[in-house]
Structure formats: C-alpha cells, structure tokens
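Below you'll find the structure, written out as structure tokens, and then a few comments.
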Amino acid sequence: MTEKIKPIFGIDLGTTYSSIAYVDEYGKAVIIPNAENERVTPSVVFFDETNIVVGEVAKESAKLYPNEVVSFIKRSMGEPNFIFEYGNERYRPEEISAYILKKLAQDAQQHLKEKISESGDEKITDVVITCPAYFGINEREATRKAGEIAGFNVRQIINEPTAAAVAYGSLDTTQNRVVLVYDLGGGTFDVTMINISKESVEVICTGGDHNLGGKDWDDRIVTYLVEQFQEETGITEDILDDPDTWQDLQLSAEKAKKILSQRPKTPVSITHGGKRVKLMLEKEKFEEITEDLLERTVDFTRDMLEAAGQKGYQHFDEIILVGGATRMPQVSERIEKEFTMVPKVFDPDEAVAKGAAIYGWKLALNDDLIRRISEKTQKPIEASGNLSEMMEKSEISARDFQEAARELAEDTGYSLPSVENAMLRVKNVSSKSFGVVAHNLTDEEIVFNLVLRNTTVPVNIKKKFYTATENQKTVLIRIMESETSTVEIPLEHATEIKTAVLHLPPNLPADLPIEIAFYLNEEGQLNITALETSEYRKIQVQVDTASVISGEEFEKAKERSQNLVVH
Ligand code: AMP
C-alpha cells in the first residue's frame, strides 16, 4: 500500500468567492467542490438566528435579510472599526472570515472523508491561505488570525499572484520566464511581475488597488439602472435606500455583467415601489460606463512597470490574466492593445487556490523529507525548515537528500522529479513602505521609512533611538505604513498600524542609544526586538494594534467558532 503524506490544503479566501484545493495522489492540484457541488463558494455569511450559513444560500438571503448578511468582508480585514453586531454579540472581520474558511473545510472534509482518514487525520488541519499582494502587515496578520479562529494550523499566508504563478509555473518547469500577473478579482486588483524558474518563484515588483474589482463594475451597472429607472418613472428619490431594491439590483447587475462577457446585450428589469422598468443593457454601454475603471488598472500596471524598471527589469515574457473579472473580454482586449502582446487567460477562478495547494503540497513533501533525513542521520533538523537553504549551508548532504527523495517517491507513488522539486523557493517583496515616526532637523514630526515598498523580503533593518531623560521607563514607537517610495514623508501620508512600547531596564542614562531591529519576514510579518547599548541587555517590546483581533476577543472568537457547525 502506498503511504500518504499529511495533506496541506490551499485556500483562496476571496472577496466575492472562495475555494479550496488539494494535490491528489497523482500530484495534480484539484478544486474540491462544496456541499452544493459548486467549485467556488460565495464569501457571504448569513447570521440566521442560531445558525451561521455561508455560501450561495447566504448570498440569496441577502435580498430578504439584508441586515443579517455580511458580504465583502475581505475589504474590512485589518480595519479597527469594523464590528458586525448580531444578537448580543460582536463579530470582527477575522471571525466572519473564519466562518467562510470553516464552510470550505467542512465541505471538503465531507467530500474527501476517506482520503483524509487514510493519512491518519480526521480533519483538515494544515492550510495555506492566500491574500492579495497588496495587503499590508495588519491585513495579513488578520488573515492568519481568521485561519486560527477557524481551527487551522496556518502554515503560510502567500500572495494571490504568487499562488497563480506557482500554478502556472508548475505546467512547464523547464523554462525560466518573467511573467506579468494581472489579477482582477471581485474586490481587489493586483498586478505583479514575477520571475518563474524551476527552483523559485520570485516576485520582482507589485502594485494595485485593494478597492478595485469586479464589484465596482457591478456598482456602475447599478448606478446606470437607477438612472434609467428614474428617467422612465420620474421618481427622484434614491431607490437604493431601500435595502431590498439595493440587494436586488446588485444581484441583477452581477448577472448582467457575466452575460455580457458572452453576449452583445442582455435584458434587465428594475422593480421598486410597485413599479417595474425593463431595459436592454448593451455591451457597448457597459464598456462605456466602466471604461475609467479599466483605465485605472492600466495606470496601476504602468506604475508597477516603472518601479520594476527602476529595479532593472525592463522586460517581461508573458502576461497572464487571473481573477474572475478578467473574463470580461474588454480586459484582454485593452491589455493586448497596451502591451502589444496577447495575454493568456489562465484558469481565472481556480489558479489561486490550486497554486496555494501546490505550494502546500511542496511544504508537506519538504516536511516529510526533513523527517526522513533526520531519522536517517539521527540529527535533529528544524521540522519546517527550508531544505534548499540547509543544503546550501551544508547542514544536510546532497546524498542524504537524494536518498530520502527516492524513498519518499517510492512510498507515496509521486514521481521522483516532483519530489526533488519540492524545494521551491518563494521570494517576495513588501507591498508597502513602512517606517517610524521621528523628528526631522527642524523638529517636525515626520515618517522615516525603514523599508520601501517593493524591497525584497525578508529584510532586517536596525535603527537607533535615544533615551530623552535619565532613568526613562518606556519608549513609544509608532509604526507607520504607506504607499510612497520615498524615505521621509509627512505624517498624513501614512497610516499608523502598530505601536511598540519598549520597557527599559532601570537606571539608564539620558541620550543612550537603543538599537531597534525591525525584521519583516517572507510572509510580511513584522518582528521587533531592541537592545540598550550600555550593557547590551535585551529590551522587552510590547507591540499593539487595534486593527487585528487579539487577547480575550481572539480567544472568545476561537471558542465560539470551535462549537459551531457552519451551514
Ligand atoms: P474572484 O475574486 O477571482 O473569484 O473574482 C470574482 C469576480 O469575478 C466577481 O466580481 C465576479 O462577478 C467576476 N466574474 C466571474 N465570472 C465572470 C464572468 N464570466 N464575466 C465577468 N465577470 C465575472
């Protein structure tokens, strides 16, 4: 009997739709359908008294119960002020997202019951979750927390375009190429330049807008329909104030948009206050009222290319389009015109989840190889360390690796090259600049950026701060995130994302340098450590943010989620 490795699932947690995938026994990434037998699940949560309902039923319920349904929660990730109140409870975006994750996992578990138990597990535990390249430090942390609330061991948060590139790169591992990933999803737009080779997927540059996606195209249709309704009926009130009409129009607009990807026109009807207006929406009209949105994506793409040029990358070999909204034919037409290159529409709805699953599978192979090598050499090896780095540092020999790879391939039935290629390296860049509040020469408060956007991560930066008074107890550091590429910027161009309080040891003199190290890891997590420079003692750093669930709230959300079956 063939042995199974512990599966790691890939989850695309999308603004409008989400999906889950795994790599099957033949080494192929497959999407796991939900209980309704659909390959994607609407990212919509319906609080139905004691039940939580996620997916198509929740989306349909939005019409009848607009106040009990939460949609587009991804747009609120990392937002300190978003609280959804239901009953006597308060829910933050992390917990609402956790319900979407739970629905995906529960349905997948049911679908793969036997396969999961063959590998010795009862449940899906380990996952890789994707997020837009554009997400900052807090949004990424919030995504990880959502996974933890859902009860997962979140192995990694990876960028959506990186996941798409992993899926794309896995089709042909012989060629090195630089690809431009244009990803227009339901609520976000990312454009990323990525270097794909056999051993690595390296992000060169990234840009985009996390408030631009298919939903904006829907909204334009809604606005147009309202205008037409007003014109026909003479009604001047804002019919969108009526939640039922609003929901109805949102659903009709999305449907119409999808039909216009296939046909030149589609009938739409608008009903409000007992009046009904029917009209024919033509593709040309739709393109006209959304032209500026498409142009914005082109502008972001040009900006990103300029930044890539500054890093020495002037050329790309291919353009791939991912994200459901790239199915609108005007997207490929416009991109082709702009870059005189025919873009490839690559598995728009599924590439991200599949790429995350392939990435997870490689992690799982990597783990298993480490376990085998460790057993064979009787040397303890960090369980989820990176094999290729260990080989480079001669911590493990090529012979031990090859032997373990051969055994693993024999035991699992996976091909030897696929096992040997498990050592995929992913290099990322920081999508934002981040820095600290400091005083400039004229004693004004400014932001001094320590990491500029599009810097390759991991990156470690040290900065000295000075004690102001003798026996100072604490130092407060305000950590700021922004989208600029300059070192010094005005305070109002950045957002405070965290504060770090240094608790100083007693009796330090005034004006003593405190050395603070900021470490931004591959996943975009920020770690801060500090040393005082008189006796080089480590300083306790307490990092706080209101933007990500933590402490008691986090524990409560975890407990609530544990006892809950999502429908
Ligand atoms: P994603 O986040 O990648 O799942 O993309 C979801 C977005 O793609 C939503 O705005 C959908 O309305 C949109 N979408 C899906 N299929 C189509 C289609 N055939 N034509 C136009 N837009 C689509």
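Below, all heavy atoms of this structure are taken into account, side chains as well, without hydrogens, waters or symmetry copies. When a ligand or atom number is given, it counts from 1 through the structure's own listing order. Predicted, not measured: the structure shown is a model, and the values here were computed from it.
Residues Asp48 and Ser61 are not in side-chain contact: their nearest non-hydrogen atoms beyond the backbone lie 4.5 Å or more apart.
When each of Tyr86, Phe47, Phe82 is paired with Tyr91, the ring pair (Phe, Tyr, Trp, His ring centres under 6.0 Å) condition holds for Phe47 and for no other. If you run salt bridge (Lys or Arg N to Asp or Glu O under 4.0 Å) between Glu523 and each of Arg144, Arg140, Arg155, only Arg144 comes through.
Aromatic ring pairs are classed by plane angle as parallel below 30°, tilted from 30° to 60° and perpendicular above 60°; the pair Phe189 and Phe300 is tilted.
Near ligand 1, residues Thr16, Tyr17, Gly185, Gly186, Gly214, Lys215, Glu254, Lys257, Lys258, Ser261, Gly323, Gly324, Ala325, Arg327, Met328 each place a heavy atom inside the 4.0 Å sphere around the ligand atoms.
No donor-acceptor distance shorter than 3.5 angstrom exists from the side chain of Thr206 to the backbone of Thr192, with no hydrogens or angles considered.
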Only pairs under 3.5 Å count here: list side-chain donor-acceptor contacts from residues 222-231, not counting sequence neighbours, and write none if there are none.
residue, atom, partner, partner atom, Å
Thr223, OG1, Asp219, O, 2.9
Gln230, NE2, Thr236, O, 3.4
Gln230, NE2, Glu237, O, 3.0

